[in-house]
Amino acid sequence: MTKIKTPLLYLVFIILFTSCEENLLTDTFKCDSTISFKSNKKYTDVLKKYSVDIPETWKTEMYFDEYRSEIFTADTTKELNNSYILEFTRQLGEFELDTAFVKHVNQSLLQSKIIPVKEGFGKFKGHPAYFNYAVGQQKGFNYYYLQLFVKTKPDESYTLSSKIYGVENLDARFCESIHYMNSIEFK
C-alpha cells in the first residue's frame, strides 16, 4: 500500500507546482480570481511591447517617447470615489530590485505624503517583482495606491499602478484593479 501512496503523493505535488503560476499580487492580497467583465478590449501600447484587457467603455489614453510607453485608463462614468485609475508603464533603463530601490520608492511616497503600508518581493508572470501598497489623502478623499514594479530584462521594466479614492467598496475595487493588472501580456 505504501508503494501506491508514494507515486500518488508525487503526482499531487507535481500537479500543484506546475499548474500554479506564481503571482505576487494575487498571492499577497488573496483576491478572488473569478472576476469576469464583459466587453473588454485588448489595448496594445504604441510600441507593441505589451497589451492589457480593459473595458471598452473606459476612457483610455496612451503616451510614448523613446524611453517609455504608457496606457492610462479609468471608468469615467462613475464618481471618482466609486472607481479607480490604472496606469501601465514600460520603461527602459537599468536598475536593481533591491533595498536601495525600495528606499527610493518609499522616500518618493513619503514626499507625496503617502504612507507605505505593505510591500514585498516575489514573482509576477515569471519575472522578479516588487510591490508597494500605500495610503494617504488627496483631493479630499482617502487615497490607496498600489504599485507593482516588474523587471523583465536587464534594461527593461514595467510599473503597474492602481489609484483608488474613497473607502466605498474598497476591497472590490482593489481586487478589480488587480484583475486588470494581471491581464497584462508582455510581448
Side-chain angles (χ1 to χ4, degrees), residues 20-29 31 40-56 58-76 83-136 138 143-165 173-187:
C20 297
E21 181 178 323
E22 188 176 10
N23 183 314
L24 181 59
L25 294 181
T26 305
D27 294 346
T28 302
F29 293 103
C31 287
N40 278 354
K41 178 179 177 184
K42 187 174 290 286
Y43 285 86
T44 302
D45 76 304
V46 175
L47 301 174
K48 299 187 182 345
K49 299 294 184 177
Y50 67 97
S51 63
V52 293
D53 289 333
I54 300 168
E56 59 188 342
W58 286 18
K59 182 176 180 182
T60 301
E61 296 181 5
M62 296 185 194
Y63 170 83
F64 80 100
D65 62 27
E66 61 185 297
Y67 300 105
R68 71 176 188 256
S69 63
E70 300 174 315
I71 298 175
F72 303 94
T73 190
D75 184 353
T76 57
S83 187
Y84 44 90
I85 301 167
L86 295 172
E87 183 177 336
F88 302 87
T89 305
R90 174 191 171 261
Q91 57 266 335
L92 297 177
E94 292 185 32
F95 72 93
E96 295 299 322
L97 286 174
D98 57 13
T99 55
F101 177 77
V102 171
K103 184 177 179 182
H104 173 74
V105 169
N106 285 330
Q107 286 175 341
S108 295
L109 290 171
L110 291 171
Q111 286 176 349
S112 300
K113 297 185 169 99
I114 301 172
I115 311 228
V117 174
K118 192 174 193 173
E119 62 184 14
F121 289 94
K123 295 276 187 181
F124 182 80
K125 299 195 177 228
H127 300 284
Y130 164 75
F131 81 89
N132 187 296
Y133 179 56
V135 298
Q138 194 174 31
Y143 173 61
Y144 303 88
Y145 188 39
L146 174 64
Q147 299 178 97
L148 175 68
F149 303 91
V150 183
K151 189 167 181 173
T152 54
K153 296 180 183 173
D155 63 345
E156 175 187 79
S157 64
Y158 290 80
T159 304
L160 288 61
S161 66
S162 174
K163 299 171 186 171
I164 304 170
Y165 294 90
R173 291 185 292 144
F174 186 76
C175 288
E176 285 175 13
S177 66
I178 288 175
H179 169 80
Y180 290 118
M181 289 177 166
N182 285 336
S183 78
I184 192 167
E185 292 178 18
F186 305 118
K187 306 287 180 176

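Computed over heavy atoms, backbone and side chain alike; hydrogens, waters and symmetry mates excluded. Nothing fancy with the numbering, it's 1 onward along the sequence.
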Looking at [atom1] of [X] and [atom2] of [Y], how far apart are the two atoms once the value is rounded to the nearest 0.5 Å?
{"X": "Lys41", "Y": "Thr73", "atom1": "NZ", "atom2": "OG1", "result": "10.5 Å"}
{"X": "His104", "Y": "Asn106", "atom1": "NE2", "atom2": "CG", "result": "10.5 Å"}
{"X": "Ser161", "Y": "Glu87", "atom1": "OG", "atom2": "CD", "result": "4.5 Å"}
{"X": "Asp53", "Y": "Asn182", "atom1": "CG", "atom2": "CG", "result": "11.0 Å"}
{"X": "Phe149", "Y": "Thr89", "atom1": "CZ", "atom2": "OG1", "result": "10.0 Å"}
{"X": "Asp155", "Y": "Phe95", "atom1": "CG", "atom2": "CZ", "result": "10.5 Å"}

Item checked: Residues Arg90 and Glu70 bridged, charged N to O under 4.0 Å ->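 Looking at Arg90 and Glu70, the cut-off is not met.
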
Check: Does a salt bridge link Glu156 with Lys49, judged by any charged N lying under 4.0 Å from a carboxylate O?
Finding: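 The answer is no: the pair does not qualify as a salt bridge.
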
Notebook entry, point to check: Do the ring planes of Phe101 and Tyr130 sit parallel (below 30°), tilted (30 to 60°) or perpendicular (above 60°)?
Noted result: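 The arrangement is perpendicular - the two ring planes meet at more than 60°.
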
Note to self: Below 30° counts as parallel, above 60° as perpendicular, anything between as tilted: where do the rings of Tyr158 and Phe186 land?
What the structure shows: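 Plane angle between 30° and 60°, so tilted.
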
Notebook entry, point to check: Are there more than 12 heavy atoms of other residues, nucleotides or ligands under 6.0 Å from atom NZ of Lys42?
Noted result: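 More than 12 heavy atoms, drawn from other residues, nucleotides or ligands, come within 6.0 Å of this atom.
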
Next item on the list: Please check if atom NZ in Lys187 has more than 12 non-hydrogen atoms from other residues, nucleotides or ligands closer than 6.0 Å.
Entry: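 Enclosed.
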
Would you mind reporting whether [Y] and [X] have side-chain heavy atoms less than 4.5 Å apart?
{"X": "Val105", "Y": "Gln147", "answer": "yes"}
{"X": "Leu146", "Y": "Leu25", "answer": "yes"}
{"X": "Lys163", "Y": "Tyr144", "answer": "no"}
{"X": "Phe72", "Y": "Ile85", "answer": "no"}
{"X": "Asn40", "Y": "Ile54", "answer": "no"}

Checklist line | Ring center gap for Trp58 and Tyr180 short of 6.0 angstrom | finding: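 Distance test on ring centres: under 6.0 Å, yes.
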
Locate the shortest heavy-atom distance separating [X] from [Y]; write the atom from each residue and the value.
{"X": "Ser162", "Y": "Leu86", "answer": "CB-CD2, 3.7 Å"}
{"X": "Ile164", "Y": "Ser83", "answer": "CG2-O, 4.2 Å"}
{"X": "Ile71", "Y": "Asp45", "answer": "CD1-N, 3.9 Å"}
{"X": "Ala129", "Y": "Leu148", "answer": "CB-CD1, 4.0 Å"}
{"X": "His127", "Y": "Thr152", "answer": "ND1-CA, 3.6 Å"}
{"X": "Leu24", "Y": "Phe121", "answer": "CD1-O, 3.6 Å"}

Note to self: Would you say Glu176 and Tyr84 are linked by a side-chain donor-acceptor pair, where the criterion is simply a distance under 3.5 Å?
What the structure shows: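 Their side chains do contain a donor-acceptor pair, which is all the 3.5 Å distance test asks for.
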
Note to self: Do Thr159 and Gln91 pair up side chain to side chain, a donor and an acceptor below 3.5 Å, judged on atom types alone?
What the structure shows: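 Yes, a side-chain donor-acceptor pair sits under 3.5 Å.
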
Donor-acceptor check, side chain of [X] to backbone of [Y], threshold 3.5 angstrom: yes or no?
{"X": "Ser69", "Y": "Asp65", "value": "no"}
{"X": "Ser157", "Y": "Lys151", "value": "no"}
{"X": "Lys125", "Y": "Ile184", "value": "yes"}

Checklist line | Worked check of side chain to side chain contact (heavy atoms under 4.5 Å, CB included) between Tyr143 and Ile114 | finding: CA-CA 8 Å; Tyr143 173 61; Ile114 301 172; 3.3 Å; yes

Next item on the list: Any chance you could lay out the side chain to side chain contact (heavy atoms under 4.5 Å, CB included) test for Met62 and Phe64, step after step, and finish with the verdict?
Entry: CA-CA 7 Å; Met62 296 185 194; Phe64 80 100; over 6 Å; no

Margin query: Tyr43 vs Thr60, test: side chain to side chain contact (heavy atoms under 4.5 Å, CB included). Steps then yes/no.
Written below: CA-CA 9 Å; Tyr43 285 86; Thr60 301; 3.9 Å; yes

Next item on the list: Please assess Tyr145 against Leu109 for the test side chain to side chain contact (heavy atoms under 4.5 Å, CB included), listing each intermediate value before the final yes or no.
Entry: CA-CA 10 Å; Tyr145 188 39; Leu109 290 171; 3.8 Å; yes

